[in-house]
Amino acid sequence: MIDDRSVSSHEVGRLRVSHLKRIWWATNASRNGRQVQRDGEWHLDRIVIDGLGLGLEQTLQYLFTDGPTFDQFEHWIVATAGSPEPALIARINAIVAGPDNPDEIRRWLGSIEDCEAVLSPADLAFWQEHGYIILHDAVEPSGLAAAVQAIWRYLDARPDDPETWYQERDRGIMLQFFQHSAFSANRRSRRIHKAFAQLWGTADLFVSTDRCGFNAPEREGWAFQGPDLHWDIDFEEPGRFGTQGILYLTDTPPDQGAFTLVPGFHKQINQWHDSLPAGQDPQQQDLHALGSLAIGGQAGDMVIWHQALPHGSRPNRSDQPRIVQYINMYPART
Ligand SMILES: O=C(O)CCC(=O)C(=O)O
């Protein structure tokens, strides 16, 4: 049954954030087994959740598990990610309201559009050819150190005691840890913003509130759990432009579980996909056979890749953990 007791995107609660109540209402409806019609709203959902400094999975898990009232949801947001700044609320509300408000956009972008390029013509040519780039010194060194320390604290583990690195609760390599001032500072890096602005052709971007990662060296009883090569795309339009990114918080040689991708595959994906026998799942093919490459890097290197590249992690065969923060940006307006 379709639920038509709809809450509009313009109904707000005490935080005054447009579209937030609609997200709450729609989640609650589907939690109660009711279907809601929300075609094309995914972009706004993402902007509101990322903008408020919340993880997507974190938020959906809370809404589905706890089934809060809207008032409880707003309290949870403030307790989890702090009170949203008035400028951010104004930006989200301007996007939800559409049509574009050029003054609002200019105020928000500051000087990113005008500041010096961080990707050279050679970097951009490399991007065109291979579908990825490495941005060096992506954040301040202090941002790296603070993020690494936050992750050790979160894990209640110590760099000098490998026995503390292996914890059942965080067995995967991605940690459900989103909120920390060091992570926020890294997400605000102007170098990262400028790099994404050059790739997208606009500085009017939102940054994802993504997770961080800790990939401990393999040992007996502790095998790598993935993710191995995969895509996070909709195969309705496999070659569609989109970015993803990973920031190395510590030095990461290729054998230390380095991020891995198939260079250049953005140029082949449409043809490859069309050539798959009917009924074959693209994700279940031998993607390493397409030519995978481990991308090692130094602390502060950020790998940005075209979402059409098969990508994933790999087993950590070194004696040090791999520690990362995932950061992506996407246009505020579709
Ligand atoms: O952490 C990695 O190396 C892989 C990241 C990944 O697969 C992803 O962000 O989709």
Side-chain angles (χ1 to χ4, degrees), residues 46 49-50 55-58 130-135 138-139 144 147-148 151 154-155 165 170-178 183 186-187 192 195-196 199 206-218 222-235 238 240-263 265-266 269 282-288 290-318 320-330:
R46 212 172 148 198
I49 292 173
D50 281 333
L56 180 65
E57 249 182 81
Q58 175 186 39
H130 302 289
Y132 76 97
I133 47 123
I134 302 177
L135 176 70
V139 300
L144 295 176
V148 169
I151 291 171
Y154 169 83
L155 291 171
W165 301 352
D170 287 311
R171 208 172 160 84
I173 67 166
M174 295 186 186
L175 305 178
Q176 299 296 66
F177 180 26
F178 303 87
F183 299 155
N186 291 342
R187 290 179 193 125
I192 292 178
F196 277 108
L199 298 175
F206 258 81
V207 65
S208 62
T209 301
D210 227 324
R211 298 176 278 204
C212 52
F214 184 90
N215 182 1
E218 283 196 311
W222 194 273
F224 173 60
Q225 307 258 313
D228 201 343
L229 294 183
H230 65 281
W231 290 274
D232 305 292
I233 56 173
D234 179 353
F235 279 94
R240 185 192 170 114
F241 185 83
T243 55
Q244 294 180 258
I246 187 170
L247 170 67
Y248 285 139
L249 296 173
T250 55
D251 290 349
T252 307
D255 71 340
Q256 200 173 307
F259 176 71
T260 299
L261 47 66
V262 178
F265 203 71
H266 60 307
I269 190 166
Q283 304 273 19
Q284 300 305 321
Q285 309 305 307
D286 179 2
L287 301 180
H288 284 284
L290 301 172
S292 62
L293 178 70
I295 313 288
Q298 311 261 292
D301 282 351
M302 170 144 183
V303 187
I304 303 176
W305 69 97
H306 189 305
Q307 65 178 4
L309 303 189
H311 64 274
S313 194
R314 61 173 52 221
N316 184 346
R317 302 261 154 80
S318 76
Q320 291 299 313
R322 189 199 73 162
I323 308 180
V324 301
Q325 181 178 351
Y326 301 98
I327 299 179
N328 192 17
M329 297 190 91
Y330 55 92

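Side-chain atoms are counted along with the backbone in the values below, which use heavy atoms only and exclude waters and symmetry mates. This structure is a prediction, so every number in the text was calculated from the model and none was measured. One-based numbering, in listed order, for ligands and for the atoms of each.
Taking the six-membered ring where tryptophan is involved, the planes of F177 and F183 are perpendicular, since the angle between them exceeds 60° and thus also 30°. Using cut-offs of 30° and 60° on the angle between ring planes, the pair F214 and W165 is perpendicular.
Less than 4.0 angstrom separates some heavy atom of G312 from each of these atoms of ligand 1: 3 (O), 4 (C), 7 (O). Set against the non-hydrogen atoms of Q244, the atoms of ligand 1 under 4.0 Å away are 10 (O). Residue contact check: F259 has heavy atoms under 4.0 Å from atoms 2 (C), 3 (O), 4 (C) of ligand 1. Each of the following atoms of ligand 1 lies closer than 4.0 Å to a heavy atom of P227: 7 (O). Here is the list of ligand 1 atoms found below 4.0 Å of a heavy atom in I246: 1 (O), 2 (C), 3 (O). Residue D232 has at least one heavy-atom neighbour below 4.0 Å for each of these atoms of ligand 1: 10 (O).
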Worked check of side chain to side chain donor-acceptor pair (under 3.5 Å) between Q320 and Q256: CA-CA 7 Å; Q320 291 299 313; Q256 200 173 307; over 6 Å; no
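Side-chain atoms of T243 and N328 form a donor-acceptor pair, as typed in the model, at a separation below 3.5 Å.
Within the 4.0 Å heavy-atom shell around ligand 1 one finds H230. The closest approach between G213 and ligand 1 stays at or above 4.0 Å for every heavy atom of the residue.
Between the side chain of R187 and the backbone N or O of D210 there is at least one donor-acceptor pair closer than 3.5 Å. Remark: the backbone N or O of A258 is paired with a side-chain donor or acceptor of T260 at under 3.5 angstrom.
Proximity of I327 to V207: side-chain heavy atoms (C-beta onward) are separated by under 4.5 Å at one or more points. You'll find the side chain of I173 reaches within 4.5 Å of the side chain of F224, heavy atoms only.
Contact annotation: for V324 versus ligand 1, there are no heavy atoms closer than 4.0 Å.
Atom 3 (O) of ligand 1 has R322 NH1, 2.7 Å as its closest protein atom, hydrogens excluded (heavy atom only). The nearest protein atom to atom 5 (C) of ligand 1, hydrogens excluded, is given as Y326 CE2, 3.6 Å; this is a heavy-atom distance. Regarding atom 6 (C) of ligand 1, its nearest protein heavy-atom neighbour is H311 CD2, 3.7 Å.
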